[in-house]
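Written out below as structure tokens is the structure these notes cover.
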Amino acid sequence: MIQLAYIRSNADEVIKRLSLRGIDAAETVKEILDTDKKARDCRSEMEQNQARGNQIAREIGELMKSGKREEAEQKKSETAAIKERLKTLETDVETLEARVKELIISLPNTPHESVPHGKSADDNHTVLTWGSVPALPENALPHWELAAKYDIIDFELGVKIAGAGFPVYKGKGAILQRALIQFFLNEANKAGFTEIQPPIVVNADSGFGTGQLPDKEGQMYYAPLDDLYLIPTAEVPITNMYRDVILEESALPIKNAGYTPCFRREAGSYGAHVRGLNRLHQFDKVEIVQIVKPENSYQVLEDMSAYVQGLLQKLGLHYRVLLLCGGDMGFASAKTYDMEVWSAAQNRWLECSSVSNFETFQTHRLKCRYRNAAGKTEQAHSLNGSALALPRIVAALLENNQTADGIRVPEVLVPYTGFDIIA
RNA sequence: GGUGAGGUGGGUGAGAGGCUGAAACCACCAGUUUGCUAAACUGACGUACGGGGUAACUCGUACCGCGGGUUCGAAUCCCGCCCUCACCGCCA
């Protein structure tokens, strides 16, 4: 969330930045400032009354000790009015401050100045394109047909067991999944990320910390009996490891990577492009997370983007990098790059990674700070990125690498799969 | 699921209505001493919000798991909830 103190002294800047998302926040910001002013006045009066009450209580204590019971009794009556007044003030402060918080929480993160203005995916900037469109044999098939042809992914079986969007991977299909996970984790290790195996359910506090709650309430699977949410991404449990902590400066940057299955209800999404692996309720993903010093976060964003691109290059996949416009960015992000792989049989780009700098948006919610050289606590910056999400990578691999003899496995994966062709 | 114990500052742990934002010890930081290191000694050392000051700092308030209650006054008493640990049961 945006810091209240920041809004107070940079209201116009906040409005200007949010306009990059196509949002007019002028009214909300005005209400925040007005309500905050009232809340502070109220709190000030409340605290003065509390101070007075504390003082009288202390005096009574002294009187009691020196045996002046009568004077003490007299003092007691003085507190009645204060207590009465306090009751009202406390309720007012609570109401006003809750309103301020509610309003602030409703605001998405302010985009970085380099984020292009825009409303939708059409306004995203293509930063670069790598590789070229692969030449496919005649009668090339989309991945869902390849999956059936080689009996490596069974979508219907998944429907029977759980429902649409829960595919069953079989044989070499399952091995390919495992190989990719292992490959991604090993690469992350080599790049200095510490591997984490987090819980794949989280409590509501964690959901709030990374911004899924209350913004995306309906998008997570929820187990009411235990009040737990199935994670939509490893970002949630991993980033929440740093909730309510004050880190030592020497601990930064923190670099974590973790594999988890991810669960998404995808409520409300629909459309033609959801066949096969394009959109699932359960999928596998290796996520990378960093907690860094503020002055480094934009360099780290570039580094993480380069790292993810390195993976795609090793897999030999034709991809492009998009700089998302304000309107297409996630709620919590200040700047996001999306990586899209080319799906040769579908003739379209598929998003397979999203790398974001959240600046202090998450760390404020998380109360994740670090102690700087001067011994002052300072808000850390958090970033994360998919490195990578499997389904669309698999879709692209199957489609782009199909040959008359079968599906060619990228060289870097062969040590992990133990086979070089799916036939 | 049952029974019992317990949640206090970075850690261990005292406190059992006012003298406690909190003893003591450890860790961390600064300084003194010392060929270096270590040891010893001295000092500083929680967080958040609000007010004042360029600032070092200072004043006020809140916080001893969370939420209520009793009281002039609560870490301390009462009620509810959550969590942790131990043992038993069940079990991958």
Side-chain angles (χ1 to χ4, degrees), chain A residues 1-9 32-105 197 199-209 213 223-229 237 240-252 254 261 291 360 362-380:
Chain A
M1 66 188 157
I2 309 174
Q3 209 174 7
L4 176 58
Y6 184 79
I7 300 177
R8 252 185 235 146
S9 44
I32 289 172
L33 293 177
D34 290 349
T35 313
D36 171 52
K37 177 77 174 77
K38 275 186 226 162
R40 274 190 295 164
D41 289 347
C42 227
R43 172 170 282 277
S44 171
E45 194 188 341
M46 176 183 83
E47 290 186 353
Q48 278 168 27
N49 275 283
Q50 283 171 329
R52 181 71 191 133
N54 287 344
Q55 194 193 333
I56 293 174
R58 247 172 312 197
E59 287 168 9
I60 291 173
E62 286 300 317
L63 291 170
M64 293 292 230
K65 228 191 302 185
S66 49
K68 297 173 180 165
R69 287 201 76 85
E70 269 179 44
E71 280 182 55
E73 287 302 322
Q74 212 166 19
K75 284 266 180 200
K76 280 191 194 178
S77 59
E78 272 185 52
T79 62
I82 294 176
K83 286 178 83 171
E84 200 52 43
R85 180 78 186 123
L86 268 178
K87 243 184 249 175
T88 322
L89 286 167
E90 276 166 10
T91 329
D92 289 353
V93 168
E94 203 177 321
T95 312
L96 290 166
E97 288 184 350
R99 178 64 183 154
V100 171
K101 188 168 187 200
E102 182 185 20
L103 288 167
I104 290 182
I105 283 173
Q197 266 196 36
I200 61 172
V201 293
V202 292
N203 56 30
D205 283 347
S206 297
F208 177 81
L213 294 176
L225 210 54
D226 296 294
D227 198 18
L228 292 169
Y229 296 85
N240 271 280
M241 298 197 301
Y242 306 99
R243 171 152 52 81
D244 289 322
V245 297
I246 300 178
L247 299 156
E248 290 305 320
E249 188 176 18
S250 58
L252 301 179
I254 286 171
I291 312 280
T360 60
Q362 289 184 330
T363 54
H364 270 122
R365 290 177 165 230
L366 292 161
K367 295 195 180 71
C368 170
R369 292 150 293 174
Y370 74 98
R371 214 177 288 283
N372 66 21
K376 294 273 187 198
T377 57
E378 200 171 330
Q379 221 66 40

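Computation of the quantities below employed the complete heavy-atom set of this structure, encompassing side-chain atoms and omitting hydrogens, waters and symmetry-equivalent molecules.
Per the geometry, CG belonging to N49(A) stands 15 Å off C1' belonging to rG50(B), to the nearest Å. In this structure, D205(A) places its CG atom 13 Å from P of rC66(B), rounding to the nearest Å. In this structure, E45(A) places its CD atom 19 Å from P of rG60(B), rounding to the nearest Å. Here the P atom of nucleotide rU61(B) and the CD atom of E90(A) are 14 Å apart, to the nearest Å. To the nearest angstrom, P of rC63(B) lies 16 Å from NZ of K367(A).
Between the P atoms of rA22(B) and rU47(B), the separation comes to 14 Å (whole Å). One C1' atom belongs to rG53(B), the other to rU58(B), and the distance between them is 8 Å to the nearest Å. Using atom C1' as the reference point in both rC26(B) and rG9(B), the two lie 13 Å apart (nearest Å). Comparing the same atom, C1', in rA74(B) and in rG69(B) gives a spacing of 11 Å after rounding to whole Å. Spacing between rA24(B) and rA48(B) at atom C1', rounded to whole Å, works out to 27 Å. Look at the P atom in both rA86(B) and rU12(B): the space between them is 15 Å, to the nearest Å. The same atom, P, is picked in rG11(B) and in rA27(B); the two are 15 Å apart, to the nearest Å. When the P atom is used for both rC41(B) and rC79(B), the distance is 47 Å, rounded to whole Å.
Nearer to the 5' terminus of RNA chain B, by closest-nucleotide assignment, is the contact made by E59(A) (compared with the other of E59(A) and M46(A)). Comparing R52(A) and L4(A) against RNA chain B, the residue whose closest nucleotide sits nearer the 5' end is L4(A).
Partners of Q48(A) according to the side-chain contact (heavy atoms from CB on, under 4.5 Å) rule, which considers only residues two or more places apart in sequence or in another chain, are S44(A). For the salt bridge (Lys or Arg N to Asp or Glu O under 4.0 Å) test, residues two or more places apart in sequence or in another chain that qualify with E45(A) are R85(A). Legend: residues meeting side-chain hydrogen bond (donor to acceptor under 3.5 Å, both in side chains) with Q3(A), ordered by chain and number and at least two apart, are H364(A). Residues forming a side-chain hydrogen bond (donor to acceptor under 3.5 Å, both in side chains) with D205(A) (at least two apart in sequence, or on another chain): none. E78(A) pairs by the side-chain hydrogen bond (donor to acceptor under 3.5 Å, both in side chains) definition with R52(A), not counting sequence neighbours. Taking the salt bridge (Lys or Arg N to Asp or Glu O under 4.0 Å) definition, one finds that R369(A) meets it with nothing, sequence neighbours left out. Applying the ring-ring contact (aromatic ring centres under 6.0 Å, His included) rule to Y229(A) yields the partners Y222(A); only residues at least two apart in sequence or on another chain are considered. Applying the salt bridge (Lys or Arg N to Asp or Glu O under 4.0 Å) test to E62(A) and every residue at least two apart in sequence or in another chain returns nothing. R99(A) meets the salt bridge (Lys or Arg N to Asp or Glu O under 4.0 Å) test with E31(A), E102(A); sequence neighbours excluded.
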For nucleotides 79-81 of chain B, which of its nitrogen or oxygen atoms have a protein nitrogen or oxygen under 3.5 Å away, and what is each distance?
none

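When only modelled atom types and interatomic distance are considered, N203(A) and S206(A) share a side-chain donor-acceptor pair under 3.5 Å. In the model, E70(A) has no side-chain atom that pairs as donor or acceptor with a side-chain atom of Q74(A) under 3.5 Å.
Nucleotide rA38(B) forms no Watson-Crick or G-U wobble pair with any nucleotide shown, as no partner meets the under 3.5 Å limit on both distances. In this structure, rA5(B) forms a base pair with rU84(B), meeting either the Watson-Crick or the G-U wobble geometry with both donor-acceptor distances under 3.5 Å. Pairing for rA75(B) is absent, judged as Watson-Crick or G-U wobble with the two contacts each under 3.5 Å. With both pairing distances under 3.5 Å, rA27(B) is matched to nothing as a Watson-Crick or G-U wobble pair. In this structure rA16(B) sits in no base pair that meets the Watson-Crick or G-U test at under 3.5 Å. The pairing partner recorded for rA48(B) is rU61(B), the criterion being a Watson-Crick or G-U wobble arrangement whose two distances lie under 3.5 angstrom. rA22(B) makes up no base pair with any nucleotide shown, lacking Watson-Crick or G-U wobble contacts both under 3.5 Å.
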Exercise. Where along nucleotides 69-75 of chain B does protein come under 4.0 Å, by heavy atom, of base (B) or sugar-phosphate alone (S), with - for untouched nucleotides?
Worked result: ---BS--
Exercise. Reading nucleotides 43-49 of chain B 5' to 3', which nucleotides get B (base under 4.0 Å from a protein heavy atom), which S (sugar-phosphate only), which -?
Worked result: ----SSS
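Ionic pairing of R40(A) and D36(A) is present here: one or more N-O contacts between side-chain nitrogen and carboxylate oxygen are shorter than 4.0 angstrom.
Interatomic distance, I60(A) CD1 to E71(A) CD, rounded to the nearest 0.5 Å: 11.5 Å.
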